[in-house]
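Presented below is the structure to which this report refers.
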Amino acid sequence: MLLLRFGEFMLKGKNRARFEKRILRHVKEMLIPYPKVQLTKDFGRIYVELNGEPAKELLGALINVFGIASISPVKVAKSELENILEVSARFLKVIAPAPGTTFKVNARRVWKDFPHGSLEMNKLVSTPLLQGYPGLIVDMNTPQLELRVEIRQAQTYIFCENISAVGGFPLGTNGKAMLLLSGGIDSPVAGWSSMRRGLEVECIHFYSYPYTSELARQKVIDLTRVLSRYAGVIKLHLVPFTEVQTSFTGIGQDNLIITLMRRAMLRIATSLAEKEGALALVTGESLGQVASQTLPSMNVIGRATLLPLLRPLVMMDKSDIVELSKKIETYDLSILPYEDCCTLFVPKSPSTNPNLRIIDKIEATLPNYSSLLSAAVALTETLEITPYGNERPESEAGSEERMKEEWF
Ligand code: ATP
Ligand code: MG
């Protein structure tokens, strides 16, 4: 079986039951394709009985469940000395340690009625193993192979690997945020980082048809689909941005267009957040990366919303962001060369130090500015994206809960 251990959220006393329930649900969803698997929840952990399902594949899926800190493949013995010795010997046979491997047994008697104590068990288990493998070298401090024997009342668990999993908080246990999702490398990584922190994420994408193509739109749907693998289902709001964007082009302040666009995006996103009950906005901004991400730019742009503006990547180096995007498998899509609305009408030298008073004045004098923004909100189209590619408009799809039941 696989032994799943929970992560840092274990510390949060009162919420623990809620968090554990959420994580169990997420694990169940991931295991739908493996019907023979059986789950048992214990304090701070979940046991996944494989019953013949492929261990490697399951491990690959479960390692991505938010809130799981580590996973050990374990062999199960009856909590009787004889059976423990037998299973340990079989286990070591499978591992087949090379001569010269340093080794120790680490037994832990959790069930206090078991007749042998932890220290005694170390000896009882290791002696026959060392006789069978004379090439093993005992090392009590930093052994290459540490055979752990955990004796509980119901069963004894024998394992030697402790594989790090994604960690973080169970999905959705820290509330909901709206992710501004472009087609670039950064924002999908920002979305994944937010989900890992326990946020439920809905995506918002701004497109400027016909200046941006159908392919660019499809790319964002595909990126959302990759993110949905980590969440089950994700809402994607597609906002028509052409009218808003073109309203900025005639004012003779081309170097401020990006600042104006970003502020418009935040305003629209704030309206959508209110509608959807989200309490924060998330972007893929990283300090200093481009003109709109200098500190003075962020200052002026950020003032367009009263919601907390979360920037999970703000202090990260690009190379680390790229590495993460490869790991979560959004990179290959992100580098497809379709244009983003932000690359349209972009001046040669966008301002790195926009003046808030001037920006305020321009926005105040733009004809029908607020109705342009509300029209964009009203014309927003919402899809529910799943890992399986069968998304439908929200109106046909029904509630999120029902969607989950249908798809998992
Ligand atoms: P990314 O790699 O995420 O595109 P970037 O480094 O290209 O980021 P910008 O293009 O300046 O940076 O965008 C900054 C942030 O603004 C993005 O990370 C994203 O959160 C948001 N954003 C930009 N364009 C769009 C868009 N068309 N739709 C939704 N959000 C967008
Ligand atoms: Mg971009």
Side-chain angles (χ1 to χ4, degrees), residues 177-194 201-209 211-213 215-221 223-224 226-227 234-242 244-245 248 257-273 280-295 297-298 300-302 304-305 307 309-326 328 330-347 350-352 354 376-377 380-382:
M178 306 303 270
L179 167 70
L180 280 78
L181 182 67
S182 71
I185 291 175
D186 303 325
S187 40
V189 176
W192 180 85
S193 306
S194 309
V201 161
E202 292 187 14
C203 301
I204 302 178
H205 177 69
F206 298 87
Y207 68 96
S208 289
Y209 192 76
Y211 303 105
T212 59
S213 64
L215 285 172
R217 178 191 149 109
Q218 188 58 42
K219 174 181 175 178
V220 170
I221 291 177
L223 275 172
T224 308
V226 175
L227 290 178
I234 295 188
K235 270 195 203 179
L236 169 62
H237 305 277
L238 294 160
V239 185
F241 202 53
T242 320
V244 176
Q245 194 168 0
F248 299 138
I257 282 187
I258 299 245
T259 314
L260 291 163
M261 265 168 46
R262 284 273 183 280
R263 283 168 60 95
M265 285 182 179
L266 291 186
R267 292 215 165 89
I268 293 169
T270 304
S271 292
L272 291 170
L281 305 181
V282 179
T283 73
E285 289 165 296
S286 175
L287 188 60
Q289 207 183 80
V290 288
S292 58
Q293 296 172 24
T294 60
L295 203 52
S297 281
M298 283 192 185
V300 170
I301 292 168
T305 184
L307 287 176
L309 189 49
L310 309 180
R311 301 170 167 115
L313 314 182
V314 73
M315 302 304 178
M316 280 175 76
D317 281 353
K318 188 74 183 187
S319 57
D320 295 334
I321 299 171
V322 165
E323 202 175 301
L324 248 180
S325 79
K326 287 180 179 164
I328 64 171
T330 52
Y331 180 77
D332 290 343
L333 283 169
S334 287
I335 58 172
L336 292 174
Y338 312 125
E339 67 294 331
D340 184 56
C341 68
C342 295
T343 53
L344 300 171
F345 320 120
V346 166
S351 172
T352 54
V377 172
T380 293
E381 177 194 353
T382 299

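Hydrogens, waters and symmetry mates play no part in the numbers below; they use all other heavy atoms, side chains included. Indexing begins at 1, ligand by ligand and atom by atom, following the structure's order. Position 1 is the first residue of the sequence; numbering continues from there.
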Should one rank [options] by closest heavy-atom distance to [atom], which comes out on top?
atom	options	value
atom 1 (P) of ligand 1	S325, G183, S182	S182
atom 13 (O) of ligand 1	Q245, Q293, M178, R262	R262
atom 20 (O) of ligand 1	L180, T212, I268	L180

Which of the numbered atoms in ligand 1 are under 4.0 angstrom from any heavy atom belonging to [X]?
X	value
I185	2 (O)
G184	1 (P), 2 (O), 4 (O)
G284	17 (C), 18 (O), 20 (O)
S292	11 (O)
T283	20 (O)
V290	11 (O)
D186	1 (P), 2 (O), 3 (O), 5 (P), 6 (O), 8 (O)
Q289	6 (O)

Is it true that [Y] and [X] share a donor-acceptor pair across their side chains at a distance under 3.5 Å?
X	Y	value
H237	T382	yes
S325	T330	no
S182	S187	yes

Shortest non-hydrogen separation from [X] to [Y] and the atoms involved:
X	Y	value
V189	I328	CA-CD1, 4.0 Å
G302	L309	CA-CD2, 3.8 Å
K219	L336	NZ-O, 2.7 Å
I301	L266	O-CD1, 3.3 Å
V300	P354	CG2-O, 3.5 Å

task = Report the part of I204 in contact with ligand 1, treating N, CA, C, O as backbone and CB onward as side chain, heavy atoms under 4.0 Å; options are side chain, backbone, both, neither.
result = backbone
inquiry  = Evaluate S187 for polar contact with ligand 1, using N/O atom pairs at a separation under 3.5 Å.
reply    =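 There is such a contact, yes.
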message = Is there a polar contact between ligand 1 and P188, counting only N or O atoms under 3.5 Å apart?
response =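 It does not: no N or O of P188 is found under 3.5 Å from an N or O of ligand 1.
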message = Does E381 have more than 12 heavy atoms from other residues, nucleotides or ligands lying within 6.0 Å of its CD?
response = yes
